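It should be emphasised that the depicted structure is a prediction, and the values quoted were computed from it without experimental measurement. Hydrogens, waters and symmetry mates are skipped; everything else that's a heavy atom, side chains included, is used.
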Amino acid sequence: MATLIPRPFGLARRAFSAAPIAFHQNPLGLPTNTDGKFKPNPDRMRQGLPTRRPIDGVKHVIAVSSGKGGVGKSTTAANLAIAIAQQGRSVGLLDTDLYGPSLPRLMNLRGVEPVMDEHNRLLPLTNYGVQCMSMGFLVREEDPVVWRGMMIMKALEQLLRQVNWGTIDYLVIDMPPGTGDTQLTLVQQIPIAGAVIVSTPQDLALLDVVKGANLFRKVQVPLLGIVENMSHFVCPNCHHESHVFGPSSALDKKAADLGMAVLGRIPLTEQISALSDKGSPVIVAASKSIEAGAYRDIAAQIVQRIEKV
């Protein structure tokens, strides 16, 4: 069950989507941080170029990315975070898709707003052994985030710097799809132990895999590998295997061209979709299934690749 933190008396849900211009420097509406070590460094700010600073208390950061939306990146990120936690590591999951956050539903944490510690940092919500933070905790599910770039970048900075994770081994970041400002801000502001790219085997999706891989390479972020999602469909009646989005050979070739490993293949099943919508990730609700086993195998490879360095 989720660890639900009651909202303190007088703390109302903030009207983020209607935030006025005056709040560009504090779009999440958080009080001023009172912990001195989290204050901005004026000398660093004057340099003009971003300097990667570790997130306090976080040992390793894993970026789960995709070149385009709709390939199952968020579902993959949630299941991988839980799988890593099941290996005995302490794990956080940060949803940085500010326009379309999925984590509250995927992790069964809808309708709960995080509170703040004594230094005005957000405290993550916890479920399935994973600490979670998302823009979706701070706005109603039906409300759009109607913000331009400046506020998005500042909100992202607050999610990176004003969340109290305690001390954790891994922070899995569910990145927004694409290779725009948000992605660039993330990879330039924090050290990332490695990136995982999620894609279907469809040619259109693989075109964007190349863009994503090149982004990470340009900013010197190690590529851990590719996860082939929705790799094939197995008929529940006759058990015939169909490659709905094309054969895996196309993704294998693209991975080889990029010098990347294929970490694993997740089948297209009704079970993953239905359980995700219910907030019960397949790795928890159907822990002995083929799908759960695939996520565990991928998570084990990720941990092995990072910890052997």
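Under a hydrophobic clustering in which Ile, Leu, Val, Met, Phe, Trp and Tyr are joined whenever their side-chain heavy atoms come within less than 4.5 Å, directly or via other members, Ile272 and Phe245 fall into different clusters. Linking ILVMFWY residues whenever their side-chain heavy atoms come closer than 4.5 Å, directly or via other members, places Met260 and Val219 in the same cluster. The cluster map of Ile, Leu, Val, Met, Phe, Trp and Tyr, joined by side-chain heavy atoms under 4.5 Å apart, puts Leu106 and Met230 in different clusters.
A donor-acceptor contact shorter than 3.5 Å is absent between the side chain of Arg296 and the backbone of Ile84. At least one donor-acceptor pair closer than 3.5 Å links the side chain of Lys73 to the backbone N or O of Met175. Judged by distance alone, with hydrogens and angles left aside, the side-chain atoms of Asp97 form no donor-acceptor pair with the main-chain N or O of Pro101 at under 3.5 Å. A donor-acceptor pair under 3.5 Å links the side-chain atoms of Thr96 to the main chain of Asp174, judged by distance alone. The main-chain N or O of Ala286 is found under 3.5 Å from a side-chain atom of Ser289 such that the two form a donor-acceptor pair. Put simply, the side chain of Arg110 never gets that close to the backbone of Asn108: no donor and acceptor are under 3.5 Å apart. With hydrogens and angles disregarded, a donor-acceptor distance shorter than 3.5 Å links the side chain of Asn79 to the backbone of Ile283. In terms of modelled atom types and a separation under 3.5 Å, the side chain of Gln188 and the main chain of Thr51 share no donor-acceptor contact. At least one donor-acceptor pair under 3.5 Å links the side chain of Asp169 to the backbone N or O of Ser90. In terms of modelled atom types and a separation under 3.5 Å, the side chain of Asp95 and the main chain of Leu103 share a donor-acceptor contact.
Salt-bridge formation is not detected for the pair Lys254/Asp203: no Lys NZ or Arg NE/NH1/NH2 atom is positioned less than 4.0 Å from an Asp or Glu carboxylate oxygen. Ion pairing between Lys211 and Asp208 holds under the 4.0 Å rule for side-chain N and carboxylate O.
Under the 3.5 Å distance criterion, with hydrogens and angles disregarded, a donor-acceptor pair is assigned to the side chains of Thr269 and Glu291. With 3.5 Å as the limit, one finds no donor-acceptor pair spanning the side chains of Glu228 and Ser199. For the residue pair Gln86/Tyr128, the side-chain donor-acceptor check at 3.5 Å is not satisfied.
Taking 4.5 Å as the limit, every side-chain heavy atom of Leu125 sits out of range of all side-chain heavy atoms of Gln131. Proximity of Leu80 to Val172: side-chain heavy atoms (C-beta onward) are nowhere separated by under 4.5 Å. No side-chain heavy atom of Gln183 sits less than 4.5 Å from a side-chain heavy atom of Ser65. In this structure the side chain of Val196 reaches within 4.5 angstrom of the side chain of Leu263, judged on heavy atoms. Residues Met135 and Val139 form a side-chain contact, since some pair of their non-hydrogen atoms from C-beta on lies under 4.5 Å apart.
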Open item on the list: Determine whether Arg89 and Glu307 satisfy the following criterion, salt bridge (Lys or Arg N to Asp or Glu O under 4.0 Å), listing intermediate values before the conclusion.
Closed with: CA-CA 12 Å; Arg89 274 67 170 186; Glu307 295 185 358; 2.7 Å; yes
Open item on the list: Before you tell me yes or no, could you show the steps for Arg265 and Asp252 under salt bridge (Lys or Arg N to Asp or Glu O under 4.0 Å), namely the whole-Å CA-CA distance, both residues' side-chain angles and the distance that decides it to 0.1 Å?
Closed with: CA-CA 11 Å; Arg265 310 184 198 277; Asp252 292 342; 2.9 Å; yes
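Within a 6.0 Å sphere centred on CD1 of Ile290, other residues, nucleotides and ligands contribute 12 heavy atoms or fewer.
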